[in-house]
Amino acid sequence: MNTTHYLIAGASHAGLEAVHRIRLVDETSPITLVTRDAHAPYSPTILPYVVSGQSAPERVVLRKADYFTQHNVTLISDNELVAINENDRVASLKSGDQWQYEKLLLATGADPIIPPIPGLSETPFHVLRTMQHAIDLREHAGKAKRAVVLGAGLIGMHGAENLRHAGLDVTIVEMCDQVLPGYFDPRAASVIETAFNDNGIHMVMGSRVVKVESQDNGCRITLENGNSLEADLLLVATGVKPQLDYLKGTSVQVDQGVLVDRNMRTDAPNIWAAGDVAQAADFYGEDKVMMGILPDAVTQGAIAAMDMAEDHALAPYVGGVPINTYTFFGQQAISVGQCMADAQLEELTRTDDDNQRYLKILLKDNRLHGISSINEEMDAGIMWQLILRKIDLTPVKDAFIARPLETGRALMSSTWR
Amino acid sequence: MTAYNTIAFDPSRCELCNDCNACMTACSQIKAGTDDLLHSRIKIVAGFNGNPPELALCRQCGDPECTKSCPSTALTKNPETGLIDWDESLCIDCLLCTVGCTYGGITYNAELKHVAKCDHCDGDPACVKACPSGALTYITSASIFNEQHEREDLFVPGLSACQGCNSEMIMRHSLRKVGPDTVLATPPGCIPGMGSVGFNGTTGTKVPVFHPLLTNTASMLAGVKKQYNRMGRNVTAMALAGDGGAGDVGFQSLSGAAERNDQILFICVDNEGYMNTGMQASGSTSYGSWTTTTPVGTEMKGKRTSQKNLAMIMMNHNCEYVATASTAFVEDYYEKLDKALAASERGFAYLHIYSPCPTGWRFPSSQTIEVCRKGVETNFAPLWEYERGGELRFTHSIDNPLPVEAYLNLSGKYRHVSKEQLAHIQEQVNERVKSLKRFAGLN
């Protein structure tokens, strides 16, 4: 049997950050990194840009092969975790290999959700979660003319825009009444939706697909109002969820994802989880939440690794804060923290329709709870810290509301110096 | 490992120019050929409630978050230059880097339609050249670490100095540099008090160390050195003494050894008082300072007499080498330590190190270096050196000093200081610099 000290399943942001953090304090213990991908490590976020051709697959490699050799990391590609024996600390891989580990990190990410639409499973369609998906979609897009995208979440929106850039006629079908629900409020969402319409993308909102039929050179999609759409390219982007079959028979507790504590430990001994697979503390409430955003995957990967490597500098996870920086057709939408007001929150908004600018600040007891903006210069990282550190804005409240950018910079600068 | 260059910012100097925007204009000009400050990659922002200005600028972090949040590999840490490089051809404008940065160092520029960040202008930053007050400087960071990190720290870990203790930094830095062929004398004071000289039959120092009386440090060390010379062994005779052990109780032996030009490296760690025994005043305690023997009440407002300038007194012994130093300027100190070590082969070398004390002076333990820095930058504690037969030479500019309040305001021991006292202290500082300038052949 193979042995390793650290076994890390998954080689995207959480897994790679874990390797980095472990090696900061533990230069020698063997690290083994298993990824189901045959490609060198990459970010799922880059995939829509691979589809449009803006990013070449060979130029977006997050760690080159020599990084792993230099840092004494065994990289096992094109293989994946299929079972865990937590008592003997043995992980079984798809290839049949078994690895004895001291500490195991699950950073296996999430897979596309395929909605139970009649006819869908018999129809050829695309999803966009791996490099191979992106390469396949790009190849198909080069030959296609009309694309339908199911879902107006981040993957659907980025995917649709990049298919449009590739010259296709694109329609988005979304069940909700607004795009990017959860990340942006209806007003910001409507600016984004308008931009999509203006750029020739047909937005079919608040609409459910009831049937998909395969046709020659494509498919026909029937909506609940009876209308139908024809497409020679179908992209299903209705969300993601972790694939957790490999946890069968373990004491790892799962809900939507792998439940972890503030050190990213699961309920099973010697097993941690981080990134899109993990369901961790919420910054705002008691329930554990799925975050599914890149900076949070980095944070969680770092915390898990520091706990695994017994790094004394470990500070427990303070909880997930929704963050989004979304660029669309040359415009920017940024949202940090909560985007919808409730009764306890003080809401301040400023709009400049002529310049398509929009700013919303949500405060609670003069502390920042959320800020979102369209086409405003914004330091998302500073706003994130103001929220996480619960910085009292009382003495600078007027300045902050008038000039959040400069005020945020001055606050952070005075905090760290 | 390489030492990297960095742009350092001193808000108290920046404040002097009152929103001159010179750095931002220079940056906009060189990066975009315009005065529009939108294009500046360095941003000076107003401080709150009269506080000094604040800075938003890429820090070229050692373990950068922006690169970790970058899905396209457009941002990378360059191991040669230490810069975070940005490759436009790879960037997808996702702005996730702005989530990683807590310094406002990388922000979307609506005209460029890309993020923009500081690149140090290929090693010749335009902002630094344009800065009229010296608030921005282009310096090499970590050079001391890179030179010295492989040498052994000759004090044990776990000495019981106070949090933020400057003296502990001084002794560890000094002995690490001087090296193991040393006999060390530490008379009563904080340095033996924190355990360096020993406890329970063990020692806190990895070289031979002894604990003379306050009165006889230099004379004992002179004898020890003579005996080693007689045995034909080249050993550095080194003293780490406080200002009391050097300048008050220990002065007669110090003066005698200096007058005889004995081969000794004598380092005075001056925290302006007897700090380990309860913060009593010494001859080094500055005018107006609160101590437990110069209290602040209805009559007395801190120390009534001025501090004596021990470094100048030692210079007037005409010994081989005399210098002042500060832990805020460690490169400067290391150069002086080299010279002092060489001089101690020939005769008496004396180093006087200003050592602000968080416990006794009443400032937060995180502020030790800042207090040291302000001491130098206000000319309260000017940095200079003197070699036998030569002239005094300033090693840090004494021109355009900050007002002395910038230094006094940091320490609780001056909290009560009145306007009149402040004026008196400023006058003393000016007088001292004037007198030093005479020795430097200036004026």
Side-chain angles (χ1 to χ4, degrees), chain A residues 12-13 16-17 20-21 24 42-49 52 54-56 59-63 158 293-295 297-299 301-302 323-327 330 332 334 336 375-385 395-396 399 403 405-417, chain B residues 9-12 37-38 42-49 51-57 59 62-77 79 87 89-111 113-116 366-367 370:
Chain A
S12 191
H13 294 286
L16 293 174
E17 175 65 9
H20 169 71
R21 286 283 173 166
L24 287 180
Y42 58 85
S43 171
T45 305
I46 200 72
L47 298 175
Y49 303 89
S52 70
Q54 187 181 343
S55 301
R59 294 194 72 206
V60 295
V61 175
L62 293 177
R63 301 284 187 281
H158 277 301
I293 55 170
L294 194 168
V298 174
T299 306
I323 299 177
N324 227 297
T325 59
Y326 177 60
T327 48
Q332 306 81 46
I334 294 175
V336 184
N375 298 330
E376 295 266 1
E377 205 181 340
M378 180 73 68
D379 295 316
I382 288 179
M383 297 303 153
W384 189 16
Q385 289 301 317
V396 296
R403 296 179 306 281
L405 180 82
E406 290 79 3
T407 312
R409 284 172 174 172
L411 277 170
M412 278 310 296
S413 171
S414 66
T415 308
W416 57 256
R417 181 157 46 76
Chain B
F9 175 64
D10 181 347
S12 55
L37 300 186
L38 169 82
I42 181 170
K43 311 273 187 184
I44 306 290
V45 287
F48 297 116
N49 307 321
N51 284 333
E54 302 286 354
L55 173 75
L57 174 70
R59 305 273 133 191
D63 189 18
E65 294 295 324
C66 57
T67 63
K68 295 173 183 179
S69 290
C70 177
S72 72
T73 70
L75 286 167
T76 47
K77 174 87 176 167
D87 183 340
S89 73
L90 287 168
C91 182
I92 55 168
D93 305 313
C94 68
L95 307 186
L96 280 166
C97 51
T98 70
V99 177
C101 184
T102 53
Y103 302 108
I106 185 162
T107 313
Y108 187 78
N109 177 321
E111 270 188 37
K113 302 202 178 302
H114 272 309
V115 288
S366 61
Q367 294 301 301
E370 193 56 25

Self-check item: chain A interface, residue from B:Ser89, B:Cys66, B:Gly105, B:Ala46 that has the most non-hydrogen pairs under 4.5 Å
Solution: B:Ser89
Quiz item: Which bit of A:Val61 comes within less than 4.5 Å of chain B, counting heavy atoms only: side chain, backbone, both or neither?
Solution: backbone
Exercise. State the CD1-SG distance between A:Ile382 and B:Cys101, to the nearest 0.5 angstrom.
Key: 6.5 Å
Quiz item: Under a 4.5 Å heavy-atom cut-off, does chain B meet the side chain of A:Leu62, its backbone, both or neither?
Solution: both
Exercise. Name the option with the most non-hydrogen atom pairs under 4.5 Å to chain B; the candidates are A:Ala297, A:Gly381, A:Ala399.
Key: A:Gly381
Self-check item: From A:Arg21 atom CZ to B:Lys68 atom NZ, the distance as rounded to the nearest 0.5 Å
Solution: 4.0 Å
Quiz prompt | CA sep, side-chain torsions, deciding dist, call: B:Thr107, A:Arg409, side chain to side chain contact (heavy atoms under 4.5 Å, CB included) | solution = CA-CA 12 Å; B:Thr107 313; A:Arg409 284 172 174 172; 3.1 Å; yes
Quiz item: Rounded to the nearest 0.5 Å, what separation is found between the CG atom of B:Leu96 and the OG1 atom of A:Thr327?
Solution: 9.0 Å
Quiz prompt | Part of B:Glu370 lying under 4.5 Å from any heavy atom of chain A | solution = neither
Quiz item: Is it the side chain or the backbone of A:Glu17 that comes within 4.5 Å of chain B heavy atoms, both, or neither?
Solution: side chain
Exercise. Show your reasoning for whether side chain to side chain contact (heavy atoms under 4.5 Å, CB included) applies to A:Asp379 and B:Thr98.
Key: CA-CA 6 Å; A:Asp379 295 316; B:Thr98 70; 5.7 Å; no
Self-check item: Structural part of B:Ile106 lying under 4.5 Å from a heavy atom of chain A
Solution: backbone
Quiz item: Do A:Thr45 side-chain atoms and B:Pro71 backbone N/O form a donor-acceptor pair below 3.5 Å?
Solution: no
Quiz item: If you take all heavy atoms of A:Pro295 and B:Val99, which pair is closest and at what distance?
Solution: CG-CG1, 3.6 Å
Exercise. Please identify each residue that fulfils ring pair (Phe, Tyr, Trp, His ring centres under 6.0 Å) with A:Tyr42, with sequence neighbours left out.
Key: none
Quiz item: Ignoring hydrogens and geometry, is there a side-chain-to-backbone donor-acceptor pair from A:Ser413 to B:Leu55 under 3.5 Å?
Solution: yes
Practice problem: Name the region of B:Tyr108, side chain, backbone, both or neither, that has any atom closer than 4.5 Å to a heavy atom of chain A. | Solution: both
Exercise. First locate atom CD1 of A:Ile293, then atom OG of B:Ser69, and finally report the distance between them rounded to the nearest 0.5 Å.
Key: 9.0 Å
Quiz item: So what's closer than 4.5 Å to chain A heavy atoms on B:Ala74: side chain, backbone, both or neither?
Solution: neither
Quiz prompt | Beyond-backbone contact of A:Leu411 with B:Phe48, side-chain heavy atoms, under 4.5 angstrom | solution = yes
Exercise. State the SG-CG distance between B:Cys94 and A:Asn324, to the nearest 0.5 angstrom.
Key: 10.0 Å
Quiz prompt | Smallest separation among heavy atoms of B:Glu54 and A:Ala410, with atom names | solution = CG-O, 3.6 Å
Quiz item: Side chain, backbone, both or neither: which part of B:Asn51 has a non-hydrogen atom closer than 4.5 Å to chain A?
Solution: neither
Exercise. Could you tell me the separation between the CD1 atom of B:Ile92 and the OG atom of A:Ser52, rounded to the nearest 0.5 Å?
Key: 9.0 Å
Exercise. Check the pair A:Leu24, B:Asp63 against side chain to side chain contact (heavy atoms under 4.5 Å, CB included), reporting the backbone distance first and the verdict last.
Key: CA-CA 10 Å; A:Leu24 287 180; B:Asp63 189 18; 4.0 Å; yes
Quiz item: Quick one: of A:Gln385, A:Met383, A:His13, A:His20, who has the most non-hydrogen atom pairs under 4.5 Å with chain B?
Solution: A:His20
Quiz prompt | Option that, when pairs with chain B are counted at under 4.5 Å, heavy atom only, ranks first among A:Gln54, A:Met378, A:Gln332 | solution = A:Gln332
Quiz item: Relative to chain B, which segment of A:Leu294 carries a heavy atom at a distance below 4.5 Å: side chain, backbone, both, or neither?
Solution: side chain
Quiz item: Given a strict heavy-atom distance threshold of 4.5 Å, which part of A:Thr407 is in contact with chain B: side chain, backbone, both, or neither?
Solution: both
Quiz item: Would you call B:Asp87 and A:Arg59 a salt bridge, taking side-chain N to carboxylate O under 4.0 Å as the test?
Solution: yes
